[in-house]
Amino acid sequence: MHAFTNFLFVPGNRPERYAKALASRADLVCIDLEDSVPDDEKEQARDTALQAIAAHKEGRIALRINGMRTAAGLSDVLAVARSAKPAFLFVPMVECATEIEIIREVIGDETGIIPLVESVRGLRAADSIAQSPGVAALMFGGGDFAGELGVELAWEPLLHARSEIVMASASAKIRAIDVPYIDIENDAGLAEECARAKMLGFHAKAAIHPRQIETIYSSMRPSAAELAEARDAIAAFDSGGGTAIRFRGKMLEAPLILRYRQLLSLGETHHA
């Protein structure tokens, strides 16, 4: 399973959009069976999505199922178990690790599971959810979270929740994914939020429109300058015998080297 810094949601009931999404620079395309699909179209959307996953061999298609507390979500899991597996399975409204354990028992371990933490209850269980076997990343579902709190889907009111997601992900040594930016026409606002998310410790950000991909791609992935600095720092640290040294006027120690190695790892996993 490959690392990614961005992915694009596409409605499961709009199969004509699948190819366009895959033709974009999105690292990953996530076919959505949840919020974007009306109840009376969920079964057809599920079948169409699973057919697309079976036909696609590059491993760039993920699937967001319905929540595990719904009949549609249980049907989704059973259908996935009988079908070709997506690269990742996004699971909405996760509030306890048991939900992840059930999914993994049913579908096996071929697919990375990405729980969405979208409620206060889910946030309080984020550590155990993130550390569940099979979990590849943790995503912040800010829309529902903001609705529960009765606040705007904006940076300041959700900063604490975002920080908790990043810390739970870091503790479990998995990647953290930030909520989509909903102001589709505001490229500058998207770039600013990407920069903040990256600084906070998020590794990826979701997109809801193809025009957002380029900004997220260029903002979230390590820059050429960051990668060059990481290589130089690691080389200097190794040459110094792996102990604290002075590097470009700053003290360079093992914890900083860990971050530099993570940057290189992320930079080397992306297509150009």
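Only this structure's heavy atoms are used, side chains among them; waters, hydrogens and symmetry mates stay out. If you're wondering where the values come from, they're calculated on a predicted model, not measured in any experiment.
Between K20 and V10, the closest side-chain pair of non-hydrogen atoms is not below 4.5 Å. The shortest side-chain heavy-atom distance between Y181 and N186 falls under the 4.5 Å cut-off. Contact annotation: the side chain of L200 approaches that of L159 to within less than 4.5 Å [non-hydrogen atoms, C-beta and beyond]. The side-chain heavy atoms of R60 and D27, taken from C-beta on, include no pair separated by under 4.5 Å. Using a 4.5 Å cut-off on side-chain heavy atoms (C-beta onward), P92 and I65 make contact. Within the 4.5 Å cutoff, side-chain heavy atoms of K85 are placed close to those of V80. When side chains are defined from C-beta on, I61 counts as touching L22, because their heavy atoms get closer than 4.5 Å. Put simply, the side chain of E164 does not reach to within 4.5 Å of the side chain of R124, judged on heavy atoms.
A donor-acceptor pair under 3.5 Å links the side-chain atoms of T111 to the main chain of P86, judged by distance alone.
The environment of E43 atom CD is sparse: at most 12 non-hydrogen atoms of other residues, nucleotides or ligands sit within 6.0 angstrom. More than 12 non-hydrogen atoms from other residues, nucleotides or ligands lie less than 6.0 angstrom from CG of L149. Residue E105 qualifies as open at atom CD: its count of foreign heavy atoms under 6.0 Å is 12 or below. Remark: E152 CD is loosely packed, at most 12 non-hydrogen atoms of other residues, nucleotides or ligands lying under 6.0 Å away.
With hydrophobic clusters built from ILVMFWY side chains whose heavy atoms lie under 4.5 angstrom apart, M167 does not share a cluster with F145. A single hydrophobic cluster is seen to contain both Y18 and V29, as judged by linkage of ILVMFWY side chains at heavy-atom distances under 4.5 Å, directly or through other members. When the side chains of ILVMFWY residues are joined at heavy-atom separations under 4.5 Å, either directly or via intervening members, V94 and V106 end up in a single hydrophobic cluster.
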Intermediate values then yes/no, side chain to side chain contact (heavy atoms under 4.5 Å, CB included), F7 and I213: CA-CA 8 Å; F7 68 92; I213 290 297; over 6 Å; no
Check against ring pair (Phe, Tyr, Trp, His ring centres under 6.0 Å), F202 and F140: CA-CA 10 Å; F202 282 98; F140 178 46; 7.2 Å; no
Pair E185-R211, side chain to side chain contact (heavy atoms under 4.5 Å, CB included): steps then yes or no: CA-CA 9 Å; E185 303 293 329; R211 67 169 288 158; 3.1 Å; yes
Side chain to side chain contact (heavy atoms under 4.5 Å, CB included) between V37 and N66, worked out: CA-CA 10 Å; V37 180; N66 291 277; over 6 Å; no
CA sep, side-chain torsions, deciding dist, call: M68, T98, side chain to side chain contact (heavy atoms under 4.5 Å, CB included): CA-CA 10 Å; M68 286 293 287; T98 303; over 6 Å; no
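Across all their heavy atoms, L8 and A21 have their closest contact at CD2-CB, 3.8 Å. In terms of heavy atoms, A172 sits closest to Q131 at CB-CG, 3.7 Å. Minimum heavy-atom separation, G142 to V179: N-CG2, 3.4 Å. Closest approach of A97 to S128, counting heavy atoms only: CB-O, 3.7 Å. Among all heavy-atom pairs drawn from N6 and A26, the shortest one is OD1-CA, 3.1 Å. Across all their heavy atoms, M139 and A206 have their closest contact at CE-CB, 3.8 Å.
For the atom pair T48 OG1 and I31 CD1, the distance stands at 9.0 Å (nearest 0.5 Å). For the atom pair OG1 (T70) and CE (M93), the distance works out to 11.0 Å, reported to the nearest 0.5 Å. Atom CG of residue L63 and atom CD1 of residue I53 lie 4.5 Å apart, to the nearest 0.5 angstrom. The CD atom of Q44 sits 10.0 Å away from the CG atom of N13 when rounded to the nearest 0.5 Å. To the nearest 0.5 Å, atoms CG (D144) and OG (S119) are separated by 8.5 Å. Here I113 contributes atom CD1 and E99 contributes atom CD; the two are 11.0 Å apart, rounded to the nearest 0.5 Å.
Evaluated for a side-chain hydrogen bond (donor to acceptor under 3.5 Å, both in side chains) with K205, the options D178, T215, T5 yield exactly one hit, D178.
Using a 3.5 Å distance cut-off with no hydrogens or angles, the side chains of S36 and D32 do pair a donor with an acceptor.
Annotation: F88 is in aromatic contact with F4 [ring centroid separation under 6.0 Å].
Classification of the F9-F90 ring pair by plane angle, with boundaries at 30° and 60°, yields perpendicular.
Ion pairing between a basic and an acidic side chain is recognised when a charged N comes within 4.0 Å of a carboxylate O; K42 and D76 show no such pairing. Electrostatic pairing of R196 and E156 counts as a salt bridge here, judged by a charged N lying under 4.0 Å from a carboxylate O.
The hydrophobic cluster of M199 has no other members, since no ILVMFWY side-chain heavy atom comes under 4.5 Å of it.
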